There are 2 protein chains.
Amino acid sequence: MNHFDFGKELFDRIQELAPQSLKLRTYQKDETIYHVGHEPEGLYFIKSGLVGLVDIAKNGDESLLRVFGHEHFFGHRSLISEEPYHATSIALKKTNILFINKEDLKNLCQDNSELLLYIAKVLAKELRRSEIRLKDMSSKKVADRIIESLIFLKTRYPHHKWTRREIGEFCGAKTETVSRTLSSLEQQGLIKREGRSIMIPEPQLLLDFIHKEEERHKI
Amino acid sequence: MNHFDFGKELFDRIQELAPQSLKLRTYQKDETIYHVGHEPEGLYFIKSGLVGLVDIAKNGDESLLRVFGHEHFFGHRSLISEEPYHATSIALKKTNILFINKEDLKNLCQDNSELLLYIAKVLAKELRRSEIRLKDMSSKKVADRIIESLIFLKTRYPHHKWTRREIGEFCGAKTETVSRTLSSLEQQGLIKREGRSIMIPEPQLLLDFIHKEEERHKI
DNA sequence: CGATAGATTGAGAGTTTTCAACCGATGTGG
DNA sequence: CCACATCGGTTGAAAACTCTCAATCTATCG
């Protein structure tokens, strides 16, 4: 939570080196940017908006694997590993994107080794986050996962109105479970709900609450 | 599952470029190689043996996040992201390792850009795998996760005698649940147990079984 | 051969989901 | 601007799943 996974520096540099290779694209809410299984074509940088990396399981359950916001880039994982996309990216709201072609990026990287290092760093941080979530899936109860996701999503992307569904897809919980948890948190005065939106008056209180929970569950 | 995440090519190259920077180390079974929270000191390459990347949750639950076998390297994630280790690496059996110092590796990478690309590729593949497991944690029932882990671990590391505990820690299940699932699979003739070791006579049958399960659970 | 760690099994408890019904906010077309 | 359709949210009760706890068993090793 300490620092956001960046992106700006990478695209500032690309802007500097090869501005002509950047193409502007606009996506509407719920529009698919790329599809699971397809071959990667390039790298995407978010000028404005919000993008979710989602995967739909065979049973129909959706998972929100990663979220990319203002000045983040995405599409890099499949590009580097030279595999088809393992998930689908969808605009969570109207989103403006700068796109750079795979070949153009490759050429740039060959002459500017700091670009690849930059991308590798982001990958490494994403792997860390993913594995921590993996651990949390087996060691934490839903309520705690929901609280942590809430804090994470609201802190990183405060301008998005996160739905119960999205929160659930992010932490492996059903919409109803998220709803119940939020009700309980409001009763305890830890959050405020106004219409559909959620406010966290004192994030530290919520974090303390999780830690108390963890004590309680410890052997 | 198609191809193993490599490592050999990277260390062959390092061997070629700077053999004097490689140090041989030996770890006994259950010995800690590096500790969560510590600063990374270098990169590890497995000459022989098996290493698990594990994290212990506050409630005491252990997770087996990744497994590294013959000719794999590890310790790269924290090295690239320049963060403290997010988990602990432990020898799952007696293991011989080639170690290269952080600074030596950095110098090599600066002059040989293919090394970093190689590491980045592995990171990208590991992220893919981690996110697929993340999705499976919310969409699949334990039994299916256990079967998939069994196939994965036995296919990649056939020479290790995987315990119920290790399988459980890999897929988020309790030892007893793994045991029950294995009993049921044996009754159905899908696996063979001999003493503590598990054999999969016909892996395809097991995979088909999962897919049938998934059909059954579909909406 | 005894000690110990790992494995198995059953019964009961706890957690989360499922299903169903209902509520409330938001936005659109008449 | 209202009526209404729609989407998201809430709540309860029951079902399903997985874990916990406890007892027992059995490989394996010194």
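Keep in mind it's a predicted model, so treat the numbers as computed, not measured. First the proteins, then the strands, lettered A, B, ... as listed; each starts at 1.
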- Item | OP1 or OP2 of D:dG9 under 4.0 Å from side-chain N/O of A:Arg164 | yes
- No-H, no-angle donor-acceptor pair, A:Arg180 side chain to C:dT18 base, under 3.5 Å: yes
- Item | N/O (side chain, A:Thr177) to phosphate O (OP1/OP2, C:dT17) under 4.0 Å | yes
- Contacts of type ring pair (Phe, Tyr, Trp, His ring centres under 6.0 Å), residue A:His160, not counting sequence neighbours: A:Trp162
- Query: Base, sugar-phosphate alone, or nothing: which one does A:Gly172 contact when heavy atoms must sit under 4.0 Å apart?
  - Reply: sugar-phosphate
- Query: Starting at CD1 of A:Ile191 and ending at P of D:dG9, how long is that distance when rounded to a whole Å?
  - Reply: 12 Å
- Quickly work out the A:Glu186 CD to D:dG9 P distance and round it to whole Å. 14 Å
- For the pair made of CG in B:Leu185 and C1' in C:dA7, what is the distance, rounded to whole Å? 15 Å
- Query: Hey, does B:Ser183 reach any base, or is it just sugar-phosphate, or nothing, if we go heavy atoms under 4.0 Å?
  - Reply: sugar-phosphate
- Any donor and acceptor pair, going by atom type alone, linking the side chain of A:Arg145 with main-chain N or O of A:Gly172 inside 3.5 Å? yes
- A:Phe45/A:Phe73 aromatic ring centres below 6.0 Å: no
- Pairwise 5' ranking along DNA chain C for B:Arg193 and A:Arg145, keeping only the more 5' one: B:Arg193
- Output field: ring centroids B:Tyr44/B:Tyr34 closer than 6.0 Å: yes
- Query: So, A:Ser130 and A:Glu126: side-chain donor and acceptor under 3.5 Å apart, yes or no?
  - Reply: no
- Length of the CG-C1' vector between B:Leu182 and C:dG6, whole Å: 13 Å
- Any A:Ser179 side-chain nitrogen or oxygen under 4.0 Å from OP1 or OP2 of D:dT10: yes
- Query: Checking salt bridge (charged side-chain N to carboxylate O under 4.0 Å, His left out) for the pair B:Arg129/B:Asp136: CA distance, chi angles, key distance, verdict?
  - Reply: CA-CA 11 Å; B:Arg129 176 157 295 282; B:Asp136 287 350; over 6 Å; no
- What string of B, S and - do you get for nucleotides 23-30 of chain D, 5' to 3', when a contact is any protein heavy atom under 4.0 Å? ---BBS--
